[in-house]
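All values derive from a computational prediction rather than experimental measurement.
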Amino acid sequence: MRITVIGVGKIKERYFVDAIGEYGKRLGRFCKLEVVEVADERTPEGASEEERVRIKRREGERILQRIPGNSMVVALAIEGKMWDSVELSRQMERWNVGGVSHVTFVIGGSLGLADEVLLRADERLSFSRMTFPHQLMRVILLEQIYRSFMIRSGAPYHK
């Protein structure tokens, strides 16, 4: 299975970079992983709603350009489905058995995802009703993908 994670913004914090690298290394035995960063837009202090929508659209255009045409797209969004780790693992197995060989997870920037990206998504997934920094969300997502593969393999990691 191929997995692509598209995230808005560059990860600058060394501890996040290291964690992403560690999960990327661990995932190497289960899938071909690609982590793609697209440029974020600076949001001026006190930006109007119209300007915020424009910013999300510009980021969204960059995301849409990087989504592989043949992949299932899962957008991380607060209003998405909330699966636990076992449900995510089962869902990934269903996709794989159903012929999905490439899954792309999309993480928006600080303002979230543009409507165009949400419309392109095949699934919307929420990790919580809380808001997380998008840099941390990459680490959390990769850990959960790794956990999904460990659950499917019957490894004790999940316990």
Student: Assess whether side chain to side chain contact (heavy atoms under 4.5 Å, CB included) is satisfied between Val38 and Arg66, documenting all intermediate values.
Tutor: CA-CA 8 Å; Val38 298; Arg66 298 302 303 268; 3.8 Å; yes

Student: Determine, stepwise, if the pair Leu119 / Glu116 fulfils side chain to side chain contact (heavy atoms under 4.5 Å, CB included).
Tutor: CA-CA 5 Å; Leu119 288 171; Glu116 294 82 0; 5.7 Å; no

Student: What are the two closest non-hydrogen atoms of Ser85 and Ile151, and how far apart are they?
Tutor: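 Taking every non-hydrogen atom into account, O-CD1, 3.8 Å.
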
Student: Mind checking the NZ-CG spacing from Lys25 to Leu142? Nearest 0.5 Å is all I need.
Tutor: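 Result: 14.0 Å between the selected atoms.
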
Student: Is any NZ, NE, NH1 or NH2 atom of the basic residue among Glu50 and Arg54 found under 4.0 Å from an Asp or Glu carboxylate oxygen of the other?
Tutor: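 The answer is yes: the pair qualifies as a salt bridge.
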
Student: For the atom pair CD (Gln91) and CD (Glu93), what is the distance rounded to the nearest 0.5 Å?
Tutor: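 Spacing of CD (Gln91) from CD (Glu93) equals 10.5 Å.
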
Student: Is there a path from Leu27 to Leu136 through hydrophobic residues (I, L, V, M, F, W, Y) whose side chains come within less than 4.5 Å of each other?
Tutor: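 Leu27 and Leu136: one cluster.
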
Student: Between Ser101 and Met1, is there a side-chain heavy-atom distance shorter than 4.5 Å?
Tutor: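 In short, these two side chains do not touch, never coming nearer than 4.5 Å.
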
Student: Given the rule in the salt bridge (charged side-chain N to carboxylate O under 4.0 Å, His left out) test, do Asp122 and Arg124 qualify, once you have shown the distances and angles that lead to the verdict?
Tutor: CA-CA 7 Å; Asp122 300 294; Arg124 294 181 190 183; over 6 Å; no

Student: Closest heavy-atom contact between Val8 and Ala39?
Tutor: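 Looks like CG1-O, 4.1 Å.
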
Student: Taking it one step at a time, do Glu41 and Arg62 satisfy salt bridge (charged side-chain N to carboxylate O under 4.0 Å, His left out)?
Tutor: CA-CA 11 Å; Glu41 294 285 322; Arg62 292 181 192 122; 2.4 Å; yes

Student: Determine whether Met82 and Glu87 make a side-chain contact, defined as any pair of heavy atoms from C-beta on separated by less than 4.5 Å.
Tutor: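 The answer is no, as the side chains (C-beta and beyond) never meet within the 4.5 Å cut-off.
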
Student: How about Asp40 and Glu59: do any of their side-chain heavy atoms sit closer than 4.5 Å?
Tutor: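 Yes; the side chains approach each other to less than 4.5 Å.
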
Student: Classify the ring geometry between Tyr23 and Tyr146 as parallel (under 30°), tilted (30 to 60°) or perpendicular (over 60°).
Tutor: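 Answer is tilted, since the angle falls between 30° and 60°.
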
Student: Answer yes or no: does atom CZ of Arg152 have more than 12 heavy-atom neighbours from other residues, nucleotides or ligands under 6.0 Å?
Tutor: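 More than 12 within 6.0 Å, yes.
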
Student: Is the closest side-chain donor-acceptor distance between Ser148 and Ser89 under 3.5 Å?
Tutor: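 Judged by distance alone, the side chains do not pair up.
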
Student: Kindly indicate, with the supporting measurements, whether the criterion side chain to side chain contact (heavy atoms under 4.5 Å, CB included) is fulfilled by Leu88 and Gln144.
Tutor: CA-CA 8 Å; Leu88 176 61; Gln144 284 298 301; 4.0 Å; yes

Student: Quick one: does Gln135's side chain have a donor or acceptor within less than 3.5 Å of a partner on Glu13's backbone?
Tutor: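 No; judged by distance alone, with no hydrogens or angles, the pair does not exist.
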
Student: At their closest point, which heavy atom of Leu118 faces which heavy atom of Ala77, and how far apart are they?
Tutor: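 Where Leu118 meets Ala77 most closely, the heavy atoms are CD2-CB, 4.1 Å.
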
Student: Does a donor on one side chain sit under 3.5 Å from an acceptor on the other, for Ser126 and Glu79?
Tutor: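 Checked: Ser126/Glu79 side chains show no N/O donor-acceptor pair below 3.5 Å.
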
Student: Run the salt-bridge test on Arg26 and Glu22 with the 4.0 Å N-O cut-off and return the result as yes or no.
Tutor: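 A salt bridge links Arg26 with Glu22.
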
Student: Determine whether Leu141 and Val5 make a side-chain contact, defined as any pair of heavy atoms from C-beta on separated by less than 4.5 Å.
Tutor: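 Yes - at least one pair of side-chain heavy atoms lies under 4.5 Å apart.
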
Student: Answer with yes or no whether the side chains of Ser110 and His134 bring together a donor and an acceptor at under 3.5 Å.
Tutor: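 The answer is no; no qualifying pair exists.
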
Student: Would Phe30 end up clustered with Leu33 when hydrophobic side chains under 4.5 Å apart are linked, directly or stepwise?
Tutor: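 Phe30 clusters together with Leu33.
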
Student: In the structure I gave you, are the side-chain heavy atoms of Val73 and Glu123 within less than 4.5 Å of one another anywhere?
Tutor: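 Side chain of Val73 against side chain of Glu123, heavy atoms only: no contact under 4.5 Å found.
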
Student: Hey, quick one: are Phe149 and Ile20 part of the same hydrophobic cluster, counting side-chain heavy atoms closer than 4.5 Å, chains of contacts allowed?
Tutor: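 Yes, same cluster.
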
Student: Are Val35 and Leu125 connected in the hydrophobic side-chain network, where two residues link if heavy atoms are under 4.5 Å apart?
Tutor: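 Cluster IDs for Val35 and Leu125 match.
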
Student: I'd like to check Ile63 versus Ile67 (side-chain heavy atoms, cut-off strictly below 4.5 Å). Are they in contact?
Tutor: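 Yes. Closest side-chain heavy atoms under 4.5 Å.
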
Student: Following the transitive rule for hydrophobic clusters with a side-chain heavy-atom cut-off under 4.5 Å over Ile, Leu, Val, Met, Phe, Trp and Tyr, establish whether Phe132 and Val74 coincide in one cluster.
Tutor: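 Yes, Phe132 and Val74 fall within the same hydrophobic cluster.
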
Student: Hey, does Trp83 have a side-chain heavy atom less than 4.5 Å from the side chain of Arg90?
Tutor: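 Answer no - side chains too far apart.
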
Student: Could you tell me which non-hydrogen atom of Thr4 sits nearest to which non-hydrogen atom of His102, and how far apart they are?
Tutor: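 Closest approach of Thr4 to His102: OG1-NE2, 2.7 Å.
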
Student: Does a side-chain heavy-atom distance below 4.5 Å link Ile6 with Phe105?
Tutor: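 The answer is no, as the side chains (C-beta and beyond) never meet within the 4.5 Å cut-off.
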
Student: Decide side chain to side chain contact (heavy atoms under 4.5 Å, CB included) for Ile55 and Arg58; before the verdict, give the C-alpha distance in whole Å, the side-chain angles of both, and the deciding distance to 0.1 Å.
Tutor: CA-CA 5 Å; Ile55 289 168; Arg58 284 194 292 264; 3.6 Å; yes

Student: Run through Leu64, Leu76, Leu113 and flag the one making a side-chain contact (heavy atoms from CB on, under 4.5 Å) with Val106.
Tutor: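 Result for side-chain contact (heavy atoms from CB on, under 4.5 Å) with Val106: Leu113.
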
Student: Indicate yes or no: does Glu143 engage Arg138 in a salt bridge with an N to O separation below 4.0 Å.
Tutor: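 Arg138 and Glu143: not salt-bridged.
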
